[in-house]
Amino acid sequence: MEIQGNKQLTLHMNGRRKIFKFKPTLGKILIYFILILIAVICLLPFYSMMITSTHTNSEISRKLLLTPGTEFMNNYERLIHTVPIWRGFINSLFITITSTALNLYFSALAGYGFSKFDFKGRNILFLCVLGTMMIPSQLGIIGFFKLMNSFHMLNTYWPIILPSISNAFGIFFMKQMADSSVPKEILEAGRIDGCSEVGIFHKLVLPMLMPAVATLGIFSFIGKWNDFLTPMIILFDNDLQPLPVMIASVKSQFSTDFGAMYVGIVISVIPILIFFSIISKKIISGVTTGALKG
Amino acid sequence: MRNAINKSRYGYYFVAPFFITFLIFGLAPIIYSLYLSFTNWDGFTDPVNIGFANYERLIHDSFFFKSIFNTFIIWILSVIPQVSLALALAIILNERFIRGKHFFRAVFYFPHIVTPVTLGVLFFLIFDWQTGSVNKVLMELGIIHAPVNWFNSPWLSRIIVAMVTMWQYFGLNMLIFIAGLQAIPNELYEAAEIDGASRWKIITKITLPLLKPVLMFTFITSIIGGLQLFDGPLMIGNGPDNSTTTMVMYLYQTAFKNFNYGYGAAVAYAIFFIILIFSLISIKFSKLNKVEQ
């Protein structure tokens, strides 16, 4: 049955359900059962978190909670009273957007540079870029801390945002994309028209790299949004800290106030959930292209 | 042609920002850390050179060896089920008859993009022995009669950290495996089906051997990632008798909690050395495999 269908399958992928009607055999039911079970395991902790955040502490400790309660606002008030969590949200947005913008611009710039300019030592320099990917990020963390101290950059955003300029994976990804999607003829045409080299990059190359910029942008955004160690050691002021650092301080400050803690993590997860449900297709295809390039 | 040669020096300007930033924020701190690892810097007074004392202390530091042991245990407990599950799900979701593929892929991948710190706090709360929902569910179902104090047992704590890590990463690996599966040409499957091969034969004789490079890639990245485990376990806690303290947690606590920055730098170099050795072994191992083929 399947052998005959294969040719038709490759011709019209969407028509395949009309061509075949699978009988629901026991094996298939079992497979769906497993898939749904794992999906439930993936989502249940988040459901439990949302439900629990709407109950009082005594209810949380007394019984299993399956339905929403009415105490969300009270838990929320207690949380907000001690931890400026929305301030953290704004800080996270600011740090993430500026870092992502720098990362994308400079990755495209260097990726294009490695792809289209035949300068001396290009291959060795590119190997150096790839080599930096192998270094674990914690290796220099203590020197980083002391160095930022002597630059008077502790408790500022500079040490968190500026390193985004040197993103090795971004350069590697952008070089691959520039290799395949930026034709050399267009650059020649731009030069004949008297465009400067920087002008060519801004007006001709960057627009052509936009699909790659979008893919890399999503991952740079997620990575920076979740970044924890560097902001935690660099930023002391509560008002400067991003969301993950605030969540960590919620945990240490509300040691017995479970309702408030649950509200804190709900506020941290919900934006990610919304973000993901809107562009999940793009994120998933991005992981796949990223995996194939790497 | 002449034009192109003249322009090639612009390449330097385009790649320069990477190297300048990396020198300042990447390489300089790494070299500075090496210097600090030979000092007794405590964050308040000026660093004083003490030679190899930090490294001598490291060799006799049972807490550090325990953190290495914990990291490896947690890594093994999480990576084996994680890769097997990811592989099985990738093969299932690559089958033609499955409906709702995108939904399942999205749901399985979702835990991976949630902030690890938040996940750590979430599971710390869910496994709390008095208020957590896990104990409540198990008691409701009659599986246990009294709440289990999960974080009071070293092995249960390690298993929980490993399961959370697995839960967080299996979706990512599944997507990578699906990408690998889709790169296998369809003709191979068609030929095998014409030859009358069973589904199981097709998986073991075609799919898995052709997926080997992707499997090796996942294995290497999961070693490098697993040995650096930090955010989630830090929030779940140290466990009884430091049984879930990972290497990077130990580094963080030594330097930024106990202000032994000099010794912390030595710990950082030791961790780097361990990761380097294991990366080299796994790369060598994957090359040997290639030669065999």
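What you see below is based on every heavy atom in this structure, not just the backbone, and it leaves out hydrogens, waters and symmetry mates. Since the structure is predicted, the reported quantities are computational estimates derived from the model, not experimental observations.
A tilted orientation is assigned to the rings of Y12(B) and F119(A), their planes being inclined by 30° to 60°. In this pair, F46(A) and W167(B) present their aromatic rings tilted. The plane angle is within the 30 to 60° band. Y32(A) and F97(B) have perpendicular rings, their planes meeting at more than 60° on a 0 to 90° scale where under 30° would count as parallel.
Interface remark: V137(B) contributes backbone and side-chain atoms alike to the contact with chain A (heavy atom separation under 4.5 Å). For a residue to count as touching a neighbouring chain, one of its non-hydrogen atoms must lie under 4.5 Å from one of that chain's; by this rule S137(A) touches chain B with backbone and side chain alike. Heavy atoms closer than 4.5 Å to chain B are found in both the backbone and the side chain of I36(A). Only the side chain of L89(B) comes within contact range of chain A, with heavy atoms under 4.5 Å apart. In this structure, chain B has a heavy atom under 4.5 Å from the side chain of F151(A), while its backbone stays farther away.
Taking chain B as the reference chain and counting heavy-atom pairs below 4.5 Å, the highest number among I31(A), L187(A), V269(A), T132(A) is found for T132(A). When Y35(B), Y13(B), F22(B) are compared by the number of non-hydrogen pairs under 4.5 Å with chain A, F22(B) comes out ahead. Counting heavy-atom pairs under 4.5 Å between each of I38(A), D118(A), I222(A) and chain B puts I38(A) at the top.
Contact between I142(A) and A265(B) at its shortest, heavy atoms only, is CD1-N, 3.2 Å. Residues P163(A) and T21(B) share a closest heavy-atom pair of CA-CG2, 4.1 Å. Nearest heavy-atom pair across A268(B) and L139(A) is CB-O, 3.7 Å. The heavy-atom pair separating T288(A) from A179(B) by the smallest distance is CG2-CB, 3.1 Å. Across every non-hydrogen atom of L35(A) and F108(B), the tightest pair is O-CZ, 3.6 Å. The nearest pair of heavy atoms linking A106(B) to I284(A) is CA-CD1, 3.5 Å.
Taking the centre and axis of the six-membered ring of F124(B), the NZ or CZ atom of K251(A) falls inside the cone set by 45° and 6.0 Å.
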Atom pairs and distances, side-chain donor-acceptor, residues 110-121 of chain B, under 3.5 Å, sequence neighbours left out:
{"from": "H112(B)", "atom 1": "ND1", "to": "Y109(B)", "atom 2": "OH", "distance (Å)": "3.4"}
{"from": "T115(B)", "atom 1": "OG1", "to": "N226(A)", "atom 2": "OD1", "distance (Å)": "2.8"}
{"from": "T118(B)", "atom 1": "OG1", "to": "S268(A)", "atom 2": "OG", "distance (Å)": "2.7"}

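A ring-centre distance under 6.0 Å is found for F145(A) and F256(B). The ring of F18(B) has its center no closer than 6.0 angstrom to the ring center of F106(A).
Taking 4.5 Å as the limit, every side-chain heavy atom of R122(A) sits out of range of all side-chain heavy atoms of S8(B).
Checked by atom type and distance alone, the side chain of K63(A) never pairs as donor or acceptor with a backbone atom of K136(B) at under 3.5 Å.
Distance check: F25(B) CZ to F144(A) CZ gives 6.5 Å after rounding to the nearest 0.5 Å.
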